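I have placed the structure first, in the form of structure tokens, so that the comments after it can refer back to it.
Predicted, not measured: the structure shown is a model, and the values here were computed from it. In listed order, ligands and their atoms are each counted from 1.
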Amino acid sequence: MAAGNATVRRFMVAGNWKMHHDHLQAIRTVQEIGVRLPPEVSSRVEVVVHPPFTDLRSVQTVLEDRAIPLVLGAQHCAGADSGPFTGEIAAPMLARLGVRYVLVGHSERRQLFAESDEKVAAAHHAVLRHGMVPVLCVGETGAERAAEETEAVLERQVRSALSGVDPGQADLVLAYEPVWAIGTGVNATPADAQLGCAHVRRVVAASLDEQAAQRARVLYGGSVVAENTAQLMAGADVDGVLVGGASLQADSFCAIAVAAASVPVH
Ligand code: PGA
């Protein structure tokens, strides 16, 4: 927590499964997480899974039936609420399934599916409009970093998605994910993670207001594993981690949640 401010932000560990695990594998994975996740960890840290769309209904049912303390997330949604958009999924459909968090603007969507800042902003608004919480992913590429454009890129991406958002909005989550660190095994240093997350928070303050910035949770993502989680979360502005590869297996994902729970509250 920043000096002089009374907001306590609950740590969050979110697993982005990307295009892995069909619904049967998904059921097995969340059941195993339910068995392995110590109750004292899930009470300290909010643990979220973001399975593919086809898994959501099955996972929702298992979490509810077995009272597994995981929160349901999705990986993407459309900006429109309905319409002739073949292949897209609308925010109200996700809300009906009990989804609480939706990844917005993940770098793979931006790079591989040509999602512009405008499309990302439309999805961000759609998620908020339907009472869910967007996890806005931002981050610089290796080339942008080499050109010392990191801060400018983060500023552009955050400002664009937050434009028109009500500062009183209860819950915002952002994820600083340097693109060069995603799926590469090369994670940012804890100092870089803190710098990136702090900058994201400053841009939230400038775009909305200081209170919204202090309430917002900012995660770090990019090659997070259990062994580096506590160091990466040591920075005062790093409120958790967004995990890809290491979230696919219950044991590695639970180990990350345990590590996150060991970090003193900022
Ligand atoms: P990674 O992916 O943990 O496999 O690097 C992170 C992400 O894409 O969110």
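With ligand atoms numbered from 1 in the order given, ligand 1 contributes 7 (C), 8 (O), 9 (O) to contacts under 4.0 Å with heavy atoms of His106. Close approach to Gly222 involves these atoms of ligand 1, each under 4.0 Å from a residue heavy atom: 5 (O). Set against the non-hydrogen atoms of Leu242, the atoms of ligand 1 under 4.0 Å away are 9 (O). Every atom of ligand 1 is numbered from 1 in the order shown, and the set under 4.0 Å from a heavy atom of Lys18 is 2 (O), 7 (C), 8 (O).
Residue contacts with ligand 1 for Ile182 involve both N, CA, C or O and side-chain atoms from C-beta outward (heavy atoms, distance under 4.0 Å). Contact annotation for Ala181 and ligand 1: only backbone heavy atoms (N, CA, C, O) come within less than 4.0 Å of the ligand.
Here the protein heavy atom with the shortest distance to atom 4 (O) of ligand 1 is Gly245 N, 2.9 Å. Counting only heavy atoms of the protein, atom 3 (O) of ligand 1 lies nearest to Gly244 N, 2.8 Å. At the top of the distance list for atom 9 (O) of ligand 1, counting protein heavy atoms only, stands Glu177 OE2, 2.6 Å.
At most 12 heavy atoms of other shown residues, nucleotides or ligands fall within 6.0 angstrom of atom CZ in Arg57.
In the hydrophobic cluster analysis, where Ile, Leu, Val, Met, Phe, Trp and Tyr join through side-chain heavy atoms closer than 4.5 angstrom, Ile182 is grouped apart from Leu195.
With Ser107 as the fixed residue, the side chain to side chain contact (heavy atoms under 4.5 Å, CB included) test singles out one of Leu112, Val179, Val138: Val179. Under the side-chain hydrogen bond (donor to acceptor under 3.5 Å, both in side chains) test applied with Asp239, the options Arg217, Arg10, Arg201 reduce to a single match, Arg201.
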- Could you check Glu115 against Lys119 for salt bridge (Lys or Arg N to Asp or Glu O under 4.0 Å), going step by step and ending with a plain yes or no? CA-CA 6 Å; Glu115 275 189 19; Lys119 271 196 183 162; over 6 Å; no
- Message: Using the rule given for salt bridge (Lys or Arg N to Asp or Glu O under 4.0 Å), can you reason through Arg110 versus Asp117, listing the C-alpha separation, both sets of side-chain angles and the distance that settles it, and then say yes or no?
- Response: CA-CA 8 Å; Arg110 293 180 191 264; Asp117 285 333; 2.9 Å; yes
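Heavy atoms of Ala246 come nearer than 4.0 angstrom to ligand 1 in no pair at all.
Cys137 is not listed as a side-chain neighbour of Val104, based on a closest heavy-atom distance of 4.5 Å or more.
Considering backbone and side-chain N/O atoms, Thr184 never comes within less than 3.5 Å of an N/O atom of ligand 1. The shortest N/O to N/O separation between Gly183 and ligand 1 falls below 3.5 Å. Considering backbone and side-chain N/O of Glu108, none are found under 3.5 Å from N/O of ligand 1.
Side-chain contact check for Glu144 and Thr141: at least one donor-acceptor pair (N or O, by modelled atom type) lies under 3.5 Å. With 3.5 Å as the limit, one finds no donor-acceptor pair spanning the side chains of Gln75 and Tyr101.
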